[in-house]
Amino acid sequence: MPEIRDSVRRMCADFPGEYWRKLDRERAYPTDFVQALTRSGFLSVLIPEEYGGSGLGLRAASVILEEIHRAGCNGAAAHAQMYTMGTLLRHGSAEQKTKYLPAIASGELRLQAFGVTEPASGTDTTRIRTFARREGEIYIVNGQKVWISRAEHSDLMLLLVRTSARDDTAKASDGMSVLLVDLREAVGHGLTIRPIQTMINHATTELFIDNLKVPAANLIGEEGRGFRYILDGMNAERILIASECIGDARFFVDRASAYAREREVFGRPIGMNQAVQFPIARNYIETEAASLMVEKAAGLFDAGEPCGTEANMAKLLASEASWRAADTCLQTHGGFGFAEEYDIERKFRETRLYQVAPISTNLILSHVGTHVLQMPKSF
Ligand SMILES: Cc1cc2nc3c(=O)[nH]c(=O)nc-3n(C[C@H](O)[C@H](O)[C@H](O)COP(=O)(O)OP(=O)(O)OC[C@H]3O[C@@H](n4cnc5c(N)ncnc54)[C@H](O)[C@@H]3O)c2cc1C
């Protein structure tokens, strides 16, 4: 892992704060950065060697994203390219894997859009309404999705749809299916993508789906089992996003402690005041603890063990550690924390996302309260 960390750091050195600030101002996609990540093979670490990837585990991917974020960069522009293909890898047919995985590994095809969330269903995924009706060898899809990131910068998208109405299934999580949508064909032929302006530069969008035709050959796995297929992908996603938070937290602790050592007010470094020093020390401790949970969750995932609870706990601890470290770092910088050129205010905004997406903190607390501690569910 130290070699991976070193090479990610070297690559990130070519993308300094100035690069990200300009993109942030313009709300533009970091194409050069994503191309550099692709060329260096970092985005295909999880793809097995037989399909052209490096066949490494989730821990390797986690270290890559952590280092990207620690360097002040942002992996969100492409992180889904790492793990979204996992659904295809684990549940796709031999033909689908041979057709797509080598092209995804080489970067020729981008699969970095993942369409789950809908305006009316929110976190309650079983209530999605986007429906795919099978007619012979095609599905006709109708519905709407929201917050679908990177759809404008992706060639393919995994789309979660209902293929049976919720009321017609034994369990609410039955009757959903995953379709691989070729965005190059779909846009303008039943699919409209509309960007959403947000407080961060995240290339997120809403999708309007109106009689979109998707070949039945693009169904992943069996019809009706889609929810199960995306769940293990979601564990990978939570662990990797937790790793980004660890990277953010380390960025903030590095910056805050450096500034506290150097900045002199009242004739001494501000870090000599324990009211400035102790919050940074606490952030460091919280980050190290959260990082252990991320390692534990990634280890379980790589061993093929159940890891839903650990993935959730890692995401909660890491996102809270990064947010608290962001707050301390901003406070430590005083007025300069608000100046664009320090990159603190940008990272501060960016790291806030992770308490909401890909799953919000309350829902993690509910998972632990009900699934682990067997207390009654409130909904
Ligand atoms: C920038 C961005 C990028 C995203 N990218 C993607 C993407 O690429 N693909 C995708 O499918 N989705 C994406 N999402 C969606 C994201 O996963 C959801 O926003 C997130 O899961 C929360 O869902 P929601 O926004 O519908 O909130 P809601 O479900 O409406 O919840 C709102 C608030 O109420 C709380 N809440 C809801 N129910 C309960 C309860 N029973 N008990 C206690 N509290 C509750 C939640 O914790 C939350 O704080 C993205 C979101 C954002 C903001």
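Start at 1 and go down the list; that is how both ligands and their atoms are numbered. Bear in mind that the values here come from a model prediction, so they are computed numbers and not experimental data.
Scanning all protein heavy atoms for the shortest distance to atom 3 (C) of ligand 1 gives Ser149 OG, 3.2 Å. Considering only non-hydrogen protein atoms, atom 46 (C) of ligand 1 sits nearest to Ser360 OG, 3.2 Å. Summary of contacts: the protein heavy atom closest to atom 20 (C) of ligand 1 is Val356 O, 3.4 Å. Nearest protein heavy-atom contact of atom 12 (N) of ligand 1 is Thr117 OG1, 2.7 Å. The shortest contact between atom 36 (N) of ligand 1 and any protein heavy atom is with Leu363 CD2, 4.0 Å. Ranking protein heavy atoms by distance to atom 44 (N) of ligand 1, first place goes to Asn362 ND2, 3.0 Å. For atom 27 (O) of ligand 1, the nearest protein heavy atom (residue, atom name, distance) is Thr123 OG1, 3.9 Å.
One side chain, Thr130 or Glu118, offers a donor N or O that lies under 3.5 Å from an acceptor on the other. If you check the side chains of Asn273 and Arg268, you find a donor sitting under 3.5 Å from an acceptor. Judged purely by distance below 3.5 Å, without hydrogens or angles, the side chains of Arg59 and Ser62 pair a donor atom with an acceptor atom. A donor and an acceptor atom, one from each side chain of Arg166 and Thr126, are located under 3.5 Å apart.
In summary, of the residues considered (Tyr354, Phe252, Phe348), a ring-ring contact (aromatic ring centres under 6.0 Å, His included) with Trp323 occurs for Phe348 alone. Between Ile239 and the options Leu300, Val294, Asp302, a side-chain contact (heavy atoms from CB on, under 4.5 Å) holds for only Val294.
With sequence neighbours excluded, the residues that form a side chain to side chain contact (heavy atoms under 4.5 Å, CB included) with Ser164 are Thr169.
Residue Val116 has at least one heavy-atom neighbour below 4.0 Å for each of these atoms of ligand 1: 11 (O). Atoms of ligand 1 lying under 4.0 Å from at least one heavy atom of His202, given by number and element, are 1 (C), 3 (C). Which parts of ligand 1 touch Gly122 is read off a 4.0 Å heavy-atom cut-off, strictly below it: atoms 26 (O), 29 (O).
With a heavy-atom cut-off of 4.0 Å, Phe379 touches ligand 1 through its side chain alone. Residue Thr198 does not touch ligand 1, judged by heavy-atom distances below 4.0 Å. Proximity of Pro358 to ligand 1, defined as any heavy-atom pair under 4.0 Å, is confined to the backbone N, CA, C and O atoms.
The nearest protein heavy atom to atom 32 (C) of ligand 1 is not closer than 4.0 Å. Distance check on atom 42 (N) of ligand 1: every protein heavy atom falls at or beyond the 4.0 Å cut-off.
The line from CG of Leu330 to NZ of Lys347 is 14.0 Å long, rounded to the nearest 0.5 Å. Separation of atoms NZ (Lys97) and NE2 (His91) is listed at 9.5 Å; rounding is to 0.5 Å.
When only interatomic distances are considered, the shortest N/O to N/O separation between Trp147 and ligand 1 falls below 3.5 Å. Any N or O atom pair closer than 3.5 Å counts here, and Phe114 shares at least one such pair with ligand 1.
With Ile364, Thr204, Leu353 as candidates, the residue nearest to atom 52 (C) of ligand 1 on a non-hydrogen basis is Leu353.
Of the possible polar contacts, one joining the Arg27 side chain to the Asp24 backbone as a donor-acceptor pair under 3.5 Å is found.
Cation-pi contact between Arg70 and Phe251: absent, since separation from the ring centre below 6.0 Å together with deviation from the ring axis within 45° is not met.
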